[in-house]
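Whatever order the structure lists ligands and atoms in, that order sets their numbers, starting from 1.
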Amino acid sequence: MDDKLRNIIALEESDFFRTYKRLRILVERGEGCYLITNNGDKLLDMFGGLAVNVLGYNHPEINAAIEAQIKKYIHVSNYFYQEKQIELASKLIGATGMKKVFFSNSGTESVEAAIKLTRKYFKGTEKKNLISFTNAFHGRTLGALSLTAKAKYKEDFGPLLTNTKTLPFNSVEELRKNIDENTAAIFVECIQGEGGVNVVTEEFIKELITLRNKFEFLIVADEIQSGVGRTGKFCAYENFGLIPDMVVMAKGIGGGLPLGALIGDERVEDVFGYGEHGSTFGGNPVACACGAAVINVLQAGLYANIMTQSSYLQTELRKLKKDLSGKIKDVRGIGLMLGIELAFDGAPVVQKMIDNKVFVNCTNRNVIRLLPPLILSAGDSELFINEFRKVLSA
Ligand code: PLP
């Protein structure tokens, strides 16, 4: 380890709350799908800044969008109309077929906005119960945290919201047993990210829709990790025939800048009144300009690349599963949101991959999670497969 990194580690340890367990890597810059460290190492980033850097690093369209906007203004208050907000909102409405947008700064804030909207929508009724599922991750502010399933994230931070319930993911039977006239909203990730890249079943979604018809609760699709083209469709729910009442987005939607959105269908379009919800920074114009650039690039032909790379990766990973009998338990996911469930702890695999200049993530202890930039090339995919094969074969 060099002196610069050693010094930075010491400063971080003395100055920061201990919330992030960092890798001992100092990134100097990024280029395409690669991170370049301060000692000149070039790492293939198969994690894409946790699904944020959908166009990778130093993308010309993102840079151009930022440059053009910062010359105009980098912030004005939400008392003013802002062209970039309007441009991005109409692209989001176009891509989702929904009716209304509220911009926040992050995923957890988008979930909070959806909770508040639900509360007001059902105000004065018995519909108070918010449902989420085992292994769900919806964020870390107190409302969103109440819907996040894992005890380790929330056990020390109560009291949280009451009227919340976690049901087993993909259990149709438990849905039928637990959902009733008091259910206000269901929060669902069609592909759970932090929870281990778990894909919802069509049967489960079908039952959710049937129950919504009966009990008239709201369905909130959490597309914070799975949205913005990642599954080869703008939102993951499109793969399952679901039309949610609300969609929450963040991460890739700002192309690398902080931005979140709550998007709602006609059922909820008139719920918020002036002044009832807001955010000083929500819908920052530079972030919105980047978001518009991301959607332009996606719609100009990136979807085809996502599916080509996904199909190559899945084919090769399944071959690997067969060749290394017993080491890989499952390969799952859609598009460029893929999970490789190992038969053992994934942390040493992550470290060995980093040693081999490929950055992957492990979630839920033994699931190697791939969330690469959507611009991943055939050469990048091949490089990942070669290194992964080497590491797992060792
Ligand atoms: N929902 C999902 C599915 C997520 O993956 C995340 C973050 O990883 C969040 C919500 C929270 O988003 P943020 O970290 O932007 O608050």
Side-chain angles (χ1 to χ4, degrees), residues 17 19-21 47-54 102-116 118 130-150 152-154 157 160-161 164 166 169-170 185-200 219-231 234-237 239-240 242 244 246-263 279 281-284 287-288 290-291 294 333-339 361-364 367 369-372:
F17 282 112
T19 56
Y20 302 110
K21 192 151 192 273
F47 193 45
L50 218 175
V52 169
N53 300 86
V54 284
F102 170 83
F103 285 119
S104 67
N105 305 288
S106 67
T108 200
E109 285 178 45
S110 304
V111 172
E112 291 295 327
I115 295 172
K116 280 181 70 178
T118 301
L130 305 175
I131 308 279
S132 59
F133 300 103
T134 44
N135 284 318
F137 187 90
H138 295 295
R140 297 178 190 263
T141 50
L142 289 180
L145 189 60
S146 308
L147 300 171
T148 288
K150 273 217 183 113
K152 77 163 183 181
Y153 292 124
K154 55 188 197 178
F157 300 104
L160 300 178
L161 286 188
T164 61
T166 308
F169 186 61
N170 275 341
I186 309 262
F187 287 73
V188 62
E189 294 160 88
C190 285
I191 306 182
Q192 294 184 327
E194 303 304 302
V197 193
N198 308 311
V199 182
V200 81
I219 298 180
V220 184
D222 184 334
E223 293 285 342
I224 290 161
Q225 197 165 136
S226 57
V228 198
R230 185 148 296 279
T231 65
F234 189 66
C235 287
Y237 64 74
N239 294 288
F240 305 93
L242 173 66
M246 287 187 266
V247 184
V248 286
M249 303 194 88
K251 293 192 186 284
I253 206 183
L257 292 186
L259 186 66
L262 166 68
I263 309 171
S279 161
F281 284 120
N284 171 271
C288 286
C290 286
V294 166
I334 304 180
L336 289 176
M337 182 166 187
L338 299 174
N361 167 259
C362 177
T363 191
N364 221 16
V367 181
R369 174 172 48 163
L370 307 181
L371 296 166

Do we see a donor-acceptor contact under 3.5 Å between the side chains of T141 and T108? yes
Geometry only, no angles: is G107 polar-contacting ligand 1 at N/O separations under 3.5 Å? yes
Where on H138 is there a heavy atom closer than 4.0 Å to ligand 1, on the side chain, on the backbone, on both, or on neither? backbone
Do C288 and L259 have side chains that approach each other closer than 4.5 Å (heavy atoms only, starting at C-beta)? yes
Ligand 1 contacted by D222 (non-hydrogen, < 4.0 Å): yes
Is there a side-chain contact between F187 and I115 (heavy atoms, below 4.5 Å)? yes
Check whether any N or O atom of G139, backbone or side chain, sits under 3.5 Å from an N or O atom of ligand 1, and answer yes or no. no
Nearest non-hydrogen protein atom, atom 5 (O) of ligand 1: Q225 NE2, 2.7 Å
Looking only at non-hydrogen atoms, which of E223, K251, R140 approaches atom 7 (C) of ligand 1 most closely? K251
Which of the numbered atoms in ligand 1 are under 4.0 angstrom from any heavy atom belonging to E189? 3 (C)
For the residue pair L50 and E194, establish whether any side-chain heavy-atom pair is separated by less than 4.5 Å. yes
Hey, what do you get for CD1 (I186) to CZ (F133), rounding to the nearest 0.5 Å? 5.0 Å
Just so I know, are the side chains of L338 and V197 near enough to count as touching, which here means a heavy-atom distance under 4.5 Å? no
Sole residue of T363, I224, T148 in side chain to side chain contact (heavy atoms under 4.5 Å, CB included) with F137: T148
Do you see a protein non-hydrogen atom under 4.0 Å from atom 14 (O) of ligand 1? no
Among all protein heavy atoms in this structure, tell me which lies nearest to atom 2 (C) of ligand 1, with the distance rounded to 0.1 Å. F137 O, 3.2 Å
Check against salt bridge (charged side-chain N to carboxylate O under 4.0 Å, His left out), R230 and E223: CA-CA 10 Å; R230 185 148 296 279; E223 293 285 342; over 6 Å; no
Start with the C-alpha gap between N135 and K150, add the side-chain angles, then the distance that decides, and say whether side-chain contact (heavy atoms from CB on, under 4.5 Å) holds. CA-CA 6 Å; N135 284 318; K150 273 217 183 113; 3.9 Å; yes
Going by the atom numbers of ligand 1, which of them fall below 4.0 Å from some non-hydrogen atom of E194? 8 (O)
List every atom of ligand 1 that sits less than 4.0 Å from any heavy atom of T108, numbering the atoms from 1 in the order shown and giving each element. 11 (C), 12 (O), 13 (P), 16 (O)
Which of the atoms in ligand 1, numbered in the order shown and given with their element, are less than 4.0 Å from a heavy-atom of S106? 15 (O), 16 (O)
Can you find an N/O atom of E109 closer than 3.5 Å to an N/O atom of ligand 1? no
